[in-house]
Each structure stands twice: as C-alpha cells, then as structure tokens.
Visitor: 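To start, I am sharing the structure in question, which I have written as structure tokens.
Protein chains get the first letters and strands the later ones, always in sequence-line order, with residue 1 at the start of each.
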Amino acid sequence: MGMIGRVRSQTADASKFVVDWMEHRTGIVTLTEHFLYEPVPKRGAWLYTLGSATLFLITLQFLTGILLLFYYVPSIEDAWNSVYYIQEEAYFGALIRGIHYWSANFLLAVIGLHMAQVFFSGGYKAPRELNWVVGVILLLLVIVLAFTGYLLRWDQDGFWASVVGMKIGSYTPFVGGATIHFLLGGDVVGPATLSRFFALHVWLLPAALAPFIGIHLYLLRRHGVFGSEFEYTERLAKLHENQRLEEYARYELDEGEEEYEDGENGYGDDYGDRGDYEDRRS
Amino acid sequence: MYDVTTGKARPVEEEIITEENVYDRPDETIGFFPGQVLKDLYVAFALLVACIVLSYTIPAPLSDPANTASVDYVPRPEWFFFFYEQMLMFFPGYALISFGAVVVPGVFVVLLMIVPWLDRGPNHSPLKRPFAIVVGLLVTVTVVLNMLLAVSRIINFPGQ
Amino acid sequence: MAELQKDPITRSDFIGFTVFGGLIGAALTIPPIAFLLHPVIDVDVLGETDVDQEYQEVGPISEVPADEPVVFNVDFPIRQIYGDEEIQDLSGQGEGSGTTLTNAVWLSWRTETDEDGHAGESFRPEWLDETTEGLTPEQISEAEENLNILSNSCAHLGCPVRWVLIEGEGEFLCPCHGGIYDINGGYVAGPPPRDMYRYVDYEVRENGRLYIRHEYDAGSEYPENGPQQPYVV
C-alpha cells in the first residue's frame, strides 16, 4: 500500500467521521437520503418537470427581486428613475431585471400548464384534494404578485394597468369603495399607493407565498406524485383481473343457489344452455 | 408500500391490489435522484437560458414615466390578463360590471378550489370522466378565445 | 422520539391561555388592522381627502371653441404620506417640495345633442369673441351654466378618454373598452355605466379664467350617478 492509498483511506475515514458527526447532531443525512431517493413514477417523468419548473421560476423571482431591491426606490419621484438606472446603468442590471420580468411571464405560463396537467389527469383526487386547494391559493398569490409588481415601475404601462385593476376592485359589491381606498392609501393615486403596492409585492405576498409552497411540497411528498392512470396500467389491470375473478366467484355462488332452487321447484329443464356457462367459466 | 430503510419498493407480489391501494405506487419507479432531478435540471436550464437570452434580445419594458394627466395613452394589461380584460367588454352598466368583473371570477375561483369535491369519481383517466374534461376544455377554449379576441381588438384599435 | 405526554389542562391553565393568548392576539391584530385601514376610515367614514381643497386655476374659458373640447392640466397639491404643511416645514421640506396630482380636465361648451350623440347648437356665449377679461356677473353666471368640466378618467375602468373625430362627428372615446360619450360627457355607447365624471365645484372669475376644486359628481351625494367612488386623478 503506497502513499496514495494511505491518503485515500485517510480521506475516506475523515469524511465518514464528518458525515457521522453531522448525522448524529442534525439527522441531515437520513433526511437528505429520504429526500433524494424517494421513488417517483418512471413513465412520464418529463410531465412532472412542470412543477419543479414552477418552483425554479419562483426561486428566480425571489433571487432577482432581492437584488433589484438594492437599487429600487419606492417613491413616486424616484421609482421610475431607479428602474431606469437598473435597466441602463447598473452592471448586469438589464439581466437581473430581465430575468425578473421574463421568469414572471414564464411562471404564469408554466403554472397554467402545470394546473392543466393535474386537472386533466385527475391528479387532484383523494387523497390529494388539499394539495389542489393549496395550488389554487398559490396561483392566486402569484396573480396578485404580478398585478402589484406592475405598478412599481411607475411608468405609463404599469400605472394605467394598475388604475384599471383598482377600478375593477371598486366594482366589488358592498366593499368596493373600501377596497379601492385601501389600495390607494387615500382617495387619489399618489405616494401612498406606491408604498402600499411595494409593501404588498415585496413583503406581504412573498411572505404568504413561501409557507404555501412549503405545504404544497410537503403534501406532494406525503402522497407521492400522481401523473396519470398511465403510470398504474399494470396495477389497474391486476385490480380489474381480481375484480373479475371475484365477480365470477360470486356468480358461481349464485348459480349454485339457483341450481338448488331448480331442484326444489323442478323447473331445471328450462335452463337449456347451462353448458355454455360451464364452458366459459372454466 | 416502501421500505423506509432501503428506499426501495417491496415486490408487487406481496401486495393484494384493491380499490384502496391501487394508486399507492406506480408500476415502475425511479429514484428521485438522479433520474428526475436531472430532467428537472434540463428544464430549469432551458428556462434560465431563455430568460437570459430574452433579457438582452427583448429587454424588460419600461415606458415613459407615469403621467396622471395623459389623454393619448392607451392602457393595456399584461398578456395573462387579456382574457379577463376582454371579458369586461361583455358586461356594460353597473350591475353587470360588478357581476362580470368581480362576482363571476369570484365564483370561478371558488369552483376551482372545490374541484376535487365536485369530481369525486374513482376514475382518474380523462377518458373515463367525460364531464370534467368537457368542462375543463370549455374553460380552456373560452380563455384562449378571449385572449385572441383581446389581441385582435388591440391590433385593430383605430387610435393606436 | 420520546413518547407524547398529554397532561390534563386545568382550569387555571385554561384561564391563562385565554387571558394572555387573547391579550397577545388583540395587541397584534387590532392596531395593525386600524393602521392598514387608516385611509379607508379617513375617506369613507370621516369623509376627509388628501387633496388640497383650494380652488386651482384651469385656464381662460375663451380658449374653448364652440364645437370641440379642450384639455387643460391642473395641479392639485396632495398630502399623502408627507404629512401636513406644518410637518413639511419642520422637516425643512416645506414650500415647493409638496407632491402634486395633475389632472387632465376636458372643457367644452354645452351643446344640444340628439340621442345618437350628434352635436347640434352650441351654447358658447357669443360675447367671448370680444370679451376675455373683466366679465360682468351676468356673463360669469352664463359661462358657468354652459360649461362642461369633465374628468379625463373613463367612468368604466378609468382609462384616459380622448377626443376623436369620426366622419366629421366628434366624440369622447375610451381606448380601453370603447366607451363613447358626447361632447357634454353624456353616455352614448359601450360599457361605461354612467356619464363622464364632472367637477362639481368650480367658478369662473372676473379675469375670464376657470377655477375648480377636486370634487366629482360621485359618491353618496350623487346617488343618481350610482354608487361608484372616484378613485384616480
């Protein structure tokens, strides 16, 4: 055993020690193994990338959003200027803002596809109902995030789209006025409006989004991925086979009783084609 | 189902398949890592590349600074609100705007949330639950049609 | 993991949970809700506004021709977030640093219109061609009676309306959903639920100029226009 062999075995010992040490104190190794080696359906694995793509895009949103905050100024005097600065001056500003913008667009599209996939394959059925509900909540949160983010640029596009959106809110039965004044922070669009949208977009809604993502993933792992019936073809075939056998067994039982009755009432000869049944059954 | 210590599935033969446990485990499985993770990574990579390329080819838009007093600006929603905006065209007057802009979407969201309890049949396959699929397709078609209508309206707007 | 230990909850435990839990709950919910709803309470309950209630100058009314509306920009000082003038003085950011809200105001002369919105005779006073300043009280009241002072915010969803000429006929058109109003701001076609918003508090002064306050014919004082609140502009 030469030098290299000795180093190698020492390294292995050392890494084993570190891994065991961590495992004993945090249980992280078992946890990671559980996470990584969970069996998932093999067929149609590409379909399940829709969900993980959504998660990836939301992560991009968080990451680039936090970066944008380093330059963005949420006041009506400076909002547009600071966005312009990010876009035109800051190093890689166009990239960071571009990723925030484009991944938001992709996010809406991918969420739509993800939802359609789950709907059409019946993935929301028991015991996964609550995960569907959490998914719908996540969808709503993302839509509101998209709406509130639009105003923050304080440009013509975002401003007027938000005006239209808030005006739609004013048509809410009974609480329309209150809704609109809550969003405006007064009775006109002004600095308070921008502050409110900023607070919603940057703090409140992401803070609400994060735990729901956690619940969504936890429930997903608890019940496993459900892609489509296609994943269960063999098992369903077996089930149907079992059911058919049971069915026949029951039929045979009924048949026996009938025969008994036939003997009793003497009408047995009327059932002339019993031989066919016998053949089919065997 | 799964043997927790090894992470492997117990052989199928041990199991008697019933209505209850048929969906517990698919026919064939792979480990989440590396098989599924690698596929996820491919998709994530493709999306990130798309975002980066688009960031420079079609930079994130920034129009003129907001002006409350403009009279020649045409507000447009983002594409994912197109179908909703188009829907508002069909509801004139107080009662109807209220109905179309707030009540109808509200009811739709509630219905969306309770989908699992509206469709409780044992079958998952789209072919075996025609009603749910027809409703789903109708919603999809309505959304797409409304989007196209909105796009055509935006293209044809005279003052633009 | 250790086995679960489920001790019974005594009466005093229960009271402790209720009282202290309730106090924490109340302290963490009631003030934040009032904090967030402050604008709603101000506007809807107390009827206060963030906009300065002084009259602001619009422009000379003689500039408005008979058959066409003219748009003027009007600056209203607003006090959102930045506090009142006293506080702005204290912080050394008083005069001139306040935020203003610019409204686009459409002015037109009342015009007879038929049901389809086709314009007829205009009520523009003829003396305006010669007299632009030093108006008599009679002239002032005649001008005030016949002026349409309209908000540029569409009554449907708030998009800015524009004046367009279609085959020689002028009309206000909302570019968002195609709401159409006549020269008086009256509803003609499309999804809007009412006429255009009008500024209701205005005066023409001796110098021939129009002054308005930031107030519309909307809200509870104008039930005939429906329940809607103004919101932007």
Visitor: Check whether B:V143 gets within reach of chain A through its side chain, its backbone, both or neither, counting any heavy atom under 4.5 Å.
Guide: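 For B:V143, neither part sits under 4.5 Å from chain A.
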
Visitor: Do A:Y150 and A:F159 have ring centres separated by under 6.0 Å?
Guide: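 No, too far apart.
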
Visitor: Highest number of heavy-atom pairs under 4.5 Å with chain B: which of A:V83, A:L140, A:N105?
Guide: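 Counting heavy-atom pairs under 4.5 Å, the top option is A:N105.
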
Visitor: Is there side-chain contact between B:T29 and A:V40, with heavy atoms separated by less than 4.5 Å?
Guide: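 No, side chains not in contact.
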
Visitor: Identify which of B:G35, B:S125, B:A132 forms the greatest number of heavy-atom pairs closer than 4.5 Å to chain A.
Guide: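 Top count of heavy-atom pairs under 4.5 Å with chain A: B:S125.
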
Visitor: If I measure from the heavy atoms of chain B, does A:D157 come under 4.5 Å with its side chain, its backbone, both, or neither?
Guide: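 A:D157 touches chain B through backbone and side-chain heavy atoms alike.
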
Visitor: Which one, B:G121, B:P122, B:P77, leads in non-hydrogen pairs under 4.5 Å with chain A?
Guide: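 Answer, by heavy-atom pair count under 4.5 Å with chain A: B:G121.
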
Visitor: For B:S55, does its backbone N or O pair with a side-chain atom of A:R97 as donor and acceptor, under 3.5 Å?
Guide: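 Judged by distance alone, no pair lies under 3.5 Å.
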
Visitor: Given heavy-atom pairs under 4.5 angstrom as the criterion, report whether the side chain, backbone, both or neither of A:Q87 touches chain B.
Guide: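 Only the side chain of A:Q87 comes within 4.5 Å of chain B.
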
Visitor: Please classify the contact between A:T172 and chain B as side chain, backbone, both or neither, with a heavy-atom cut-off of under 4.5 Å.
Guide: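 For A:T172, heavy atoms of backbone and side chain both lie under 4.5 Å from chain B.
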
Visitor: Going through the checks in order, is the ring pair (Phe, Tyr, Trp, His ring centres under 6.0 Å) test met by B:F33 and A:F35?
Guide: CA-CA 9 Å; B:F33 181 84; A:F35 176 71; 9.6 Å; no

Visitor: Between B:I52, B:D119, B:I133, which residue shows the highest count of heavy-atom pairs closer than 4.5 Å to chain A?
Guide: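 Top option by heavy-atom pairs under 4.5 Å: B:D119.
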
Visitor: With a 4.5 angstrom heavy-atom cut-off, which part of B:L41 approaches chain A: side chain, backbone, both or neither?
Guide: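 Contact with chain A involves no heavy atom of B:L41 at all.
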
Visitor: Between A:N131 and A:H223, do the side chains contain a donor N or O and an acceptor N or O under 3.5 Å apart?
Guide: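 Short answer, no.
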
Visitor: Keeping the roles fixed (side chain from A:W132, backbone from B:L112), state whether a donor-acceptor pair exists under 3.5 Å.
Guide: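 Checking the backbone N and O of B:L112 against the side chain of A:W132, a donor-acceptor pair under 3.5 Å is found.
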
Visitor: Do A:F119 and A:Y124 have ring centres separated by under 6.0 Å?
Guide: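 Yes, ring centres under 6.0 Å apart.
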
Visitor: Name the region of A:A109, side chain, backbone, both or neither, that has any atom closer than 4.5 Å to a heavy atom of chain B.
Guide: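 For A:A109, heavy atoms of backbone and side chain both lie under 4.5 Å from chain B.
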
Visitor: Please state whether the side chain, the backbone, both or neither of B:R120 comes within less than 4.5 Å of a heavy atom of chain A.
Guide: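 Only the backbone of B:R120 comes within 4.5 Å of chain A.
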
Visitor: Would you find a donor on one side and an acceptor on the other, under 3.5 Å apart, between the side chain of A:H201 and the backbone of A:L145?
Guide: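 Yes, the answer is positive, given that a donor and an acceptor are paired below the 3.5 Å cut-off.
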
Visitor: For A:F120, is the CZ atom crowded, meaning more than 12 foreign heavy atoms sit under 6.0 Å from it?
Guide: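 Counting neighbours around CZ of A:F120, more than 12 heavy atoms of other residues, nucleotides or ligands fall under 6.0 Å, so yes.
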
Visitor: Quick check for you: among A:P173, A:G135, A:A161, which has the greatest number of heavy-atom pairs under 4.5 Å with chain B?
Guide: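 That would be A:P173.
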
Visitor: Is chain B contacted by the side chain of A:L55, its backbone, both, or neither, given a heavy-atom distance below 4.5 Å?
Guide: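 Answer is neither: A:L55 stays 4.5 Å or more from chain B.
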
Visitor: Name the region of B:E85, side chain, backbone, both or neither, that has any atom closer than 4.5 Å to a heavy atom of chain A.
Guide: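 Contact with chain A involves no heavy atom of B:E85 at all.
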
Visitor: Taking atom CZ as the centre, does B:F90 end up with more than 12 heavy-atom neighbours from other residues, nucleotides or ligands that are less than 6.0 angstrom away?
Guide: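 Counting other residues, nucleotides and ligands, CZ of B:F90 exceeds 12 neighbours.
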
Visitor: Which atoms of A:A146 come close to chain B, meaning under 4.5 Å heavy atom to heavy atom: side chain ones, backbone ones, both, or neither?
Guide: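 For A:A146, backbone and side chain are both near chain B.
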
Visitor: Let me know if A:W46 has heavy atoms under 4.5 Å from chain B in its side chain, its backbone, both or neither.
Guide: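 Its backbone and side chain both get close to chain B.
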
Visitor: Quick one: what part of A:N81 sits under 4.5 Å from any heavy atom of chain B, side chain, backbone, both or neither?
Guide: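 Nothing of A:N81, per the 4.5 Å heavy-atom cut-off to chain B.
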
Visitor: Give the member of A:S121, A:G123, A:S103, A:A116 that has the highest number of heavy-atom pairs under 4.5 Å with chain B.
Guide: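 Going by pairs under 4.5 Å, I would pick A:S121.
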
Visitor: Among A:E246, A:E247, A:E241, find the residue that satisfies the salt bridge (charged side-chain N to carboxylate O under 4.0 Å, His left out) test when tested with A:R244.
Guide: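 Single pass found, and it is A:E241.
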
Visitor: Please identify, among B:V109, B:N123, B:V139, B:V103, the residue contributing the most non-hydrogen atom pairs under 4.5 Å to chain A.
Guide: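 Maximum pair count with chain A is reached by B:N123.
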
Visitor: Would you mind checking which part of B:Y42 comes under 4.5 Å of any heavy atom in chain A, side chain (CB onward), backbone (N, CA, C, O), both or neither?
Guide: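 For B:Y42, side-chain heavy atoms alone lie under 4.5 Å from chain A.
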
Visitor: What residue, out of A:V133, A:N242, A:I168, has the most heavy-atom pairs lying under 4.5 Å from chain B?
Guide: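 Max contact count across the listed options: A:I168.
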
Visitor: Between A:L60 and chain B, which part of the residue has a heavy atom less than 4.5 Å away: side chain, backbone, both or neither?
Guide: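 For A:L60, side-chain heavy atoms alone lie under 4.5 Å from chain B.
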
Visitor: If you count heavy-atom pairs under 4.5 Å between each of A:Q156, A:K42, A:E129 and chain B, which one has the most?
Guide: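 The candidate making the most pairs under 4.5 Å is A:Q156.
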
Visitor: Relative to chain A, which segment of B:P61 carries a heavy atom at a distance below 4.5 Å: side chain, backbone, both, or neither?
Guide: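 When you check distances to chain A, atoms from both the backbone and side chain of B:P61 fall under 4.5 Å.
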
Visitor: Select one option (side chain, backbone, both, neither) describing which atoms of B:V43 are under 4.5 Å from chain A's heavy atoms.
Guide: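 B:V43 touches chain A through side-chain heavy atoms alone.
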
Visitor: Counting heavy-atom pairs under 4.5 Å with chain A, which one of B:L47, B:L62, B:D40, B:D64 comes out on top?
Guide: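 Most pairs with chain A among the choices: B:L62.
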
Visitor: A quick test of your reading: do over 12 heavy atoms of other residues, nucleotides or ligands sit less than 6.0 Å from CZ of A:R221?
Guide: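 Yes.
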
Visitor: Might you confirm whether atom CZ of B:F131 has over 12 heavy atoms from other residues, nucleotides or ligands at distances under 6.0 Å?
Guide: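 No, CZ of B:F131 has 12 or fewer neighbouring heavy atoms, counting only those of other groups under 6.0 Å.
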
Visitor: Let's test your reading of the structure: which of B:T140, B:L88, B:I114, B:I58 forms the most heavy-atom pairs below 4.5 Å with chain A?
Guide: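 Heavy-atom pair counts peak at B:I58.
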
Visitor: What part of A:I96 gets closer than 4.5 Å to chain B, counting heavy atoms only: side chain, backbone, both or neither?
Guide: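 No part of it gets close to chain B.
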
Visitor: Please determine, among A:T30, A:I99, A:L130, A:L139, the option with the most heavy-atom pairs under 4.5 Å with chain B.
Guide: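 Top count of heavy-atom pairs under 4.5 Å with chain B: A:I99.
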
Visitor: Decide if atom OH of A:Y84 counts as having more than 12 heavy atoms of other residues, nucleotides or ligands within a radius under 6.0 Å.
Guide: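 Result for OH/A:Y84: open.
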
Visitor: Taking atom NZ of B:K39 as the centre, does the number of heavy atoms from other residues, nucleotides or ligands within less than 6.0 Å exceed 12?
Guide: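 Yes.
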
Visitor: Measure the spacing between OH of A:Y71 and CD1 of A:I86 and express it to the nearest 0.5 Å.
Guide: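 A:Y71 atom OH to A:I86 atom CD1 measures 8.5 Å (nearest 0.5 Å).
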
Visitor: So which heavy atom on A:V189 is nearest to which on A:M166, and how close?
Guide: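 Closest approach of A:V189 to A:M166, heavy atoms only: CG2-CE, 4.2 Å.
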
